Peer 1: 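I'd like to ask you about the structure that follows.
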Amino acid sequence: MRTTIGLVLLMVSGPAFAADRVIGLLSLPEVFGDFPCDEFAPEEITLYRAPDSNETVGWIRVETYWTFHAIGGCEGLRVSVYRPGAGRVSGLPTKEYDYEAPAAIVVQNRGGWFQILVDDGAAWMRASERDEFFPLERLLEDRLTYLTSGWDGRLAKSPGAETREAEREPRADESNRAEPNVRVLGFRRVGEELWVDVEVMSHSFCESAEEPKVTASGWIPAHAASGELTIWFFSRGC
């Protein structure tokens, strides 16, 4: 039987915080535990204005701990960001790196320092030995990946090359298909830009037992000009 949990967070998707280019996710077992419904001792995480800075701009804290049920499962974990002097508490923006496994959203990293998204921008934190960083390449490899609304519908013959229209075989329900499924073949960096080699698939194997067909292929930048991600994955599978 699958464990049911209730976790109150701010799940970021779409164009939110598009100006900050997401480069990966950072697990924070200090506030989320090592796995769903983990009975852990919460620890406070300090946020700073800059790497190697002593200027504190806030803290990440467990506001409400799990409520465990006698019949199994749990609910109610609340993770918040406290800002000194601001007089407010907000949820921590997160994305999942695995099934029911939330993590902080990273936009920069320098050594053991990571700049993560908070409700009104970004702040820096120093990762502990327990925290694990998942760069985009690792997150997108061998996953159920799809193209987001940030993708402009164009593919390139090579990384960094001028893009062209994707020549795809349309499906009957193509007009309602906002997130085309893709297979990731590889990655390449051109300067600071990460490019992803993809095959656009006719459908996901989650939708039908019929073998998916490749309808188009080429390279896409991992980020749109706005900074929004063009490709992501289904963390909970089918």
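Quantities reported herein were computed from a predicted structural model and do not represent experimental measurements.
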Peer 1: Tell me, do V81 and V89 make a side-chain contact under 4.5 Å, heavy atoms counted?
Peer 2: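 No, side chains not in contact.
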Peer 1: Is there a side-chain contact between E132 and S27, using heavy atoms and a 4.5 Å cut-off?
Peer 2: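 Yes, close enough: below the 4.5 Å cut-off.
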Peer 1: Answer with yes or no whether the hydrophobic clustering places V190 together with W219; edges join I, L, V, M, F, W, Y residues whose side-chain heavy atoms lie under 4.5 Å apart.
Peer 2: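 Both belong to a single hydrophobic cluster.
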Peer 1: Determine yes or no for a side-chain-to-main-chain donor-acceptor pair under 3.5 angstrom, with Y97 supplying the side chain and S235 the backbone.
Peer 2: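 No, Y97 side chain to S235 backbone: no donor-acceptor pair under 3.5 Å.
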Peer 1: Counting distance only, does the side-chain N/O of R83 pair as donor-acceptor with the main-chain N or O of V57 below 3.5 Å?
Peer 2: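 Between the backbone of V57 and the side chain of R83 there is a qualifying donor-acceptor contact (under 3.5 Å).
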Peer 1: Would you call C74 and T67 a side-chain contact if the rule is heavy atoms closer than 4.5 Å?
Peer 2: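 When only atoms from C-beta onward are counted, T67 and C74 do not touch, as no gap falls below 4.5 Å.
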Peer 1: Could you check whether E43 pairs with R130 (Lys NZ or Arg NE/NH1/NH2 to Asp/Glu carboxylate O, under 4.0 Å)?
Peer 2: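 Judged by the 4.0 Å cut-off on N to carboxylate O distance, E43 and R130 do form a salt bridge.
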Peer 1: Apply side-chain contact (heavy atoms from CB on, under 4.5 Å) to residues E228 and R21 and explain how you reach the verdict.
Peer 2: CA-CA 7 Å; E228 183 181 355; R21 295 194 168 202; over 6 Å; no
Peer 1: May I ask you to test the R126-F114 pair for a side-chain heavy-atom distance under 4.5 Å?
Peer 2: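 No. Closest side-chain heavy atoms not under 4.5 Å.
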Peer 1: Which one of F234, F233, W151 satisfies the ring-ring contact (aromatic ring centres under 6.0 Å, His included) criterion with Y146?
Peer 2: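 Filter result, single survivor: F234.
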Peer 1: V214 versus V200: any side-chain heavy-atom pair under 4.5 Å?
Peer 2: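 Answer no - side chains too far apart.
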Peer 1: Determine whether I105 and Y48 fall in the same hydrophobic cluster, where Ile, Leu, Val, Met, Phe, Trp and Tyr are linked whenever their side-chain heavy atoms lie under 4.5 Å apart.
Peer 2: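 No, no single cluster joins them.
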Peer 1: Has R110 got its NZ or CZ under 6.0 Å from the middle of the six-membered ring of W113, at an angle within 45 degrees of the ring axis?
Peer 2: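 No, R110 does not lie over the aromatic ring of W113.
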Peer 1: Between Y65 and F40, is a ring pair (Phe, Tyr, Trp, His ring centres under 6.0 Å) present by the stated rule, with each step listed?
Peer 2: CA-CA 9 Å; Y65 190 62; F40 68 101; 5.5 Å; yes
Peer 1: Can you name the nearest heavy-atom pair linking G24 to F133, along with the distance?
Peer 2: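 Heavy atoms of G24 and F133 come nearest at CA-CE1, 3.9 Å.
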Peer 1: Taking atom CZ as the centre, does R49 end up with more than 12 heavy-atom neighbours from other residues, nucleotides or ligands that are less than 6.0 angstrom away?
Peer 2: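 12 or below, so no.
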Peer 1: If you compare all heavy atoms of L139 against all heavy atoms of W232, which two are closest, and at what distance to 0.1 Å?
Peer 2: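 What the structure gives for the nearest pair is CD1-CH2, 3.8 Å.
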Peer 1: Of the non-hydrogen atoms in D38 and G33, which two are nearest, and what is the gap between them?
Peer 2: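 Looking at all heavy atoms of both residues, the closest pair is OD2-CA, 3.5 Å.
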Peer 1: Once you round to the nearest 0.5 Å, how far does OG1 of T215 lie from CD of E199?
Peer 2: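 Here the rounded value is 9.5 Å.
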Peer 1: Starting at CZ of R78, measure out to CD of E63 and round the result to the nearest 0.5 Å.
Peer 2: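 Result: 5.0 Å between the selected atoms.
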Peer 1: Any sub-3.5 Å donor-acceptor pair from H223's side-chain atoms to V22's backbone N or O?
Peer 2: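 Present.
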Peer 1: If only atom types and distance count, is the side chain of T64 paired as donor or acceptor with the main-chain N or O of G76 below 3.5 Å?
Peer 2: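 No; judged by distance alone, with no hydrogens or angles, the pair does not exist.
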Peer 1: Among L136, L25, L117, L26, which residue meets the side chain to side chain contact (heavy atoms under 4.5 Å, CB included) test with V106?
Peer 2: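 Answer after filtering L136, L25, L117, L26: L26.
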Peer 1: Using atom types as modelled and distance alone, determine if a side-chain donor or acceptor of H203 lies under 3.5 Å from a backbone N or O of E210.
Peer 2: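 Here the side-chain-to-backbone pair exists.
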Peer 1: State whether the side chain of S204 and the backbone N or O of N181 hold a donor-acceptor pair below 3.5 Å, judged by distance alone.
Peer 2: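 Not a single qualifying donor-acceptor pair exists.
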Peer 1: Considering all heavy atoms of both residues, which atom of P102 and which atom of F32 are nearest to each other, and what is their separation?
Peer 2: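 Shortest heavy-atom separation between P102 and F32 comes out as O-CD1, 3.6 Å.
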Peer 1: Are the side chain of T56 and the backbone of G58 linked by a donor-acceptor contact shorter than 3.5 Å?
Peer 2: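 The answer is no, because no donor-acceptor pair under 3.5 Å joins these two groups.
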Peer 1: Show, in sequence, the C-alpha distance, side-chain angles and deciding distance for Y82 and S90, and conclude whether the side-chain contact (heavy atoms from CB on, under 4.5 Å) test is met.
Peer 2: CA-CA 7 Å; Y82 291 73; S90 59; over 6 Å; no
Peer 1: Rounded to the nearest 0.5 Å, what separation is found between the SG atom of C206 and the CG atom of L144?
Peer 2: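 CG of L144 is found 5.0 Å from SG of C206.
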Peer 1: Can you find a pair of side-chain heavy atoms, one from I231 and one from V182, that are under 4.5 Å apart?
Peer 2: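 The answer is yes; the side chains approach within 4.5 Å.
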Peer 1: Of the non-hydrogen atoms in F68 and C37, which two are nearest, and what is the gap between them?
Peer 2: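 Reported closest heavy-atom pair: CE2-O, 3.3 Å.
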Peer 1: Is S217 close to L155 at the side-chain level, that is, under 4.5 Å between some pair of heavy atoms?
Peer 2: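 They are not in side-chain contact.
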Peer 1: Check the surroundings of atom CG in D34: do more than 12 heavy atoms from other residues, nucleotides or ligands lie under 6.0 Å from it?
Peer 2: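 Yes, because the 6.0 Å sphere around CG of D34 holds more than 12 heavy atoms from other groups.
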Peer 1: Do V79 and W124 share a hydrophobic cluster (ILVMFWY, side-chain heavy atoms under 4.5 Å, transitive)?
Peer 2: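 No, because V79 and W124 fall into different hydrophobic clusters, even though each may have its own neighbours under 4.5 Å.
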Peer 1: For R143, give me all partners under salt bridge (charged side-chain N to carboxylate O under 4.0 Å, His left out), at least two apart in sequence or on another chain.
Peer 2: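 By the salt bridge (charged side-chain N to carboxylate O under 4.0 Å, His left out) rule, R143 matches no residue at all.
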Peer 1: Look up atom OG1 in T148 and atom CG in L229, then write down how far apart they are to the nearest 0.5 Å.
Peer 2: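 One gets 6.5 Å once the value is rounded to the nearest 0.5 Å.
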Peer 1: Answer yes if L140 and F205 sit in the same cluster of Ile, Leu, Val, Met, Phe, Trp and Tyr residues linked by side chain heavy atoms under 4.5 Å apart, and no otherwise.
Peer 2: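 In one cluster: yes.
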Peer 1: Check whether any side-chain heavy atom of D197 sits under 4.5 Å from a side-chain heavy atom of F187, and report yes or no.
Peer 2: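 They are not in side-chain contact.
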Peer 1: Hey, which of V196, V184, V198 is the one that makes side chain to side chain contact (heavy atoms under 4.5 Å, CB included) with T145?
Peer 2: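 Result for side chain to side chain contact (heavy atoms under 4.5 Å, CB included) with T145: V184.
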Peer 1: Does a donor on one side chain sit under 3.5 Å from an acceptor on the other, for S128 and E30?
Peer 2: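 Judged by distance alone, the side chains do pair up.
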Peer 1: Measure across L47 and A123 and return the closest heavy-atom pair with its distance rounded to 0.1 Å.
Peer 2: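 Nearest heavy atoms, L47 then A123: CB-CB, 4.0 Å.
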Peer 1: Counting N and O atoms only, with roles assigned by atom type, does the side chain of S202 sit under 3.5 Å from a partner on the main chain of K213, one being a donor and the other an acceptor?
Peer 2: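 At least one qualifying donor-acceptor pair exists.
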Peer 1: Test side-chain contact (heavy atoms from CB on, under 4.5 Å) on V31 and I45; report intermediate values, then the result.
Peer 2: CA-CA 8 Å; V31 292; I45 299 173; 4.2 Å; yes
Peer 1: Do E137 and R188 meet the salt-bridge criterion of a basic N to acidic O distance under 4.0 Å?
Peer 2: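 Between E137 and R188 there is no salt bridge, as every charged N stays at least 4.0 Å from the carboxylate O atoms.
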Peer 1: Between CG of N109 and CD1 of I116, what distance do you get to the nearest 0.5 Å?
Peer 2: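 So the gap between those two atoms works out to 12.5 Å.
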Peer 1: Please determine whether a side-chain nitrogen of the Lys or Arg among D98 and R236 lies less than 4.0 Å from a carboxylate oxygen of the Asp or Glu.
Peer 2: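 No, no charged N to carboxylate O under 4.0 Å.
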